[in-house]
Amino acid sequence: QVQLVESGGDSVQAGGSLRLSCAASKYTVSMGWFRQAPGKEREGVASIDSAGRYVYADSVKGRFTLSQDNAKNMLYLQMNSLKPEDTAMYYCAATRLVLRQAPSLRPGDFGYWGQGTQVTVST
C-alpha cells in the first residue's frame with residue numbers, strides 16, 4: 001500500500017499562484033495530479049513517469065509546472081496564472097506498476113489516490 005497526502009490547496013484570486021505538495025509513503029513508479037470539479041469527471045492535470053518524462057493537460061501547459069524530489073518521495077505542482085476554471089479538488093495519484101503508455105493522464109492507470117486538496121480561484 002502507498003499512502004498519499006496532499007497539501008497546499010487554498011482560495012486565491014484569478015492570476016494568483018499556488019503550490020501543491022504530495023507526500024508518498026514509499027517509492028512509486030509514476031505519480032501525477034488530477035482534478036475534479038463539481039459535476040465533472042476527474043481529469044489528468046500533469047504526471048511524471050519513472051524515466052522523468054512529463055505530460056501536461058493542454059489546459060494547463062505554460063501555467064503549471066510539475067516537479068519531484070525522489071529522495072523524499074514528494075511531488076509538487078506549481079500553479080501560476082490561475083483561472084476560475086482551475087477551481088477543483090486536486091488529487092495526487094501514484095502507481096507502482098510500469099505503465100505501457102507513460103507518462104499518463106488516465107485516472108485508471110493509477111491505483112493509489114490521496115484524499116484531495118481544494119483549490120478555489122475567484123474572479
Side-chain angles (χ1 to χ4, degrees):
Q1 278 293 82
V2 178
Q3 279 76 48
L4 302 172
V5 179
E6 306 99 332
S7 62
D10 205 344
S11 295
V12 297
Q13 289 192 326
S17 298
L18 284 174
R19 187 191 193 211
L20 304 184
S21 299
C22 174
S25 60
K26 60 181 66 173
Y27 171 78
T28 58
V29 175
S30 292
M31 295 185 73
W33 287 97
F34 294 76
R35 66 187 181 186
Q36 188 167 18
K40 295 188 177 182
E41 292 187 354
R42 190 168 296 189
E43 64 174 357
V45 176
S47 77
I48 183 170
D49 68 4
S50 58
R53 295 171 297 190
Y54 297 85
V55 62
Y56 294 92
D58 288 343
S59 59
V60 306
K61 284 180 181 177
R63 300 188 299 122
F64 291 10
T65 303
L66 193 65
S67 62
Q68 67 177 170
D69 183 335
N70 288 327
K72 298 180 179 179
N73 292 330
M74 294 290 296
L75 184 71
Y76 305 98
L77 184 68
Q78 178 65 43
M79 305 187 296
N80 298 328
S81 302
L82 283 162
K83 304 175 181 180
E85 50 263 44
D86 294 319
T87 295
M89 184 71 78
Y90 282 71
Y91 298 91
C92 178
T95 178
R96 303 193 75 185
L97 301 176
V98 176
L99 301 176
R100 298 185 70 177
Q101 289 183 311
S104 171
L105 290 178
R106 296 179 293 273
D109 284 342
F110 296 81
Y112 300 103
W113 293 84
Q115 294 299 307
T117 186
Q118 179 67 38
V119 172
T120 302
V121 185
S122 59
T123 56

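Taking CD of Gln78 as the start and CG of Leu18 as the end, the distance is 8.0 Å to the nearest 0.5 Å. A distance of 12.5 Å separates CZ in Arg96 from OG in Ser50, rounded to the nearest 0.5 Å. Here Met31 contributes atom CE and Asn70 contributes atom CG; the two are 9.5 Å apart, rounded to the nearest 0.5 Å. Separating the CZ atom in Arg19 from the CE atom in Met79 is a distance of 11.5 Å, to the nearest 0.5 Å.
Closest approach of Arg42 to Pro107, counting heavy atoms only: O-CG, 3.9 Å. The shortest heavy-atom contact between Ser17 and Ser81 is OG-N, 4.3 Å. Shown here for Val45 and Leu77, the closest heavy-atom pair between the two residues is CG1-CD2, 4.1 Å. Considering all non-hydrogen atoms of both residues, Leu75 and Ile48 come closest at CD1-CG2, 3.9 Å. Between Thr123 and Pro84, the shortest heavy-atom distance links the atoms CG2-CG, 3.5 Å. Heavy-atom minimum distance, Asp49 versus Ser30: CA-OG, 3.4 Å.
The environment of Gln101 atom CD is sparse: at most 12 non-hydrogen atoms of other residues, nucleotides or ligands sit within 6.0 angstrom.
For Glu6 (side chain) and Cys92 (main-chain N/O), a donor-acceptor pair under 3.5 Å exists by modelled atom type. The backbone N or O of Gln3 lies less than 3.5 Å from a partner atom in the side chain of Ser25, making a donor-acceptor pair.
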Acceptor/donor pairs from residues 8-16 side chains to any protein atom, 3.5 angstrom cut, sequence neighbours excluded:
none

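By the salt bridge (Lys or Arg N to Asp or Glu O under 4.0 Å) test, Asp86 is found to be paired with Arg35, Arg63, residues two or more places apart in sequence or in another chain being considered.
Hydrophobic cluster membership of Tyr76, counting Ile, Leu, Val, Met, Phe, Trp and Tyr whose side-chain heavy atoms lie under 4.5 Å apart directly or via other members: Met74. Through direct or indirect side-chain contacts shorter than 4.5 Å among Ile, Leu, Val, Met, Phe, Trp and Tyr, Val55 is connected to Leu105.
Screening residues 52-71 for ring pair (Phe, Tyr, Trp, His ring centres under 6.0 Å), with sequence neighbours left out, gives no hits. For residues 77-123, the ring pair (Phe, Tyr, Trp, His ring centres under 6.0 Å) pairs, not counting sequence neighbours, are Phe34-Phe110, Phe34-Trp113.
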Intermediate values then yes/no, side-chain contact (heavy atoms from CB on, under 4.5 Å), Gln118 and Thr87:
CA-CA 8 Å; Gln118 179 67 38; Thr87 295; 4.1 Å; yes
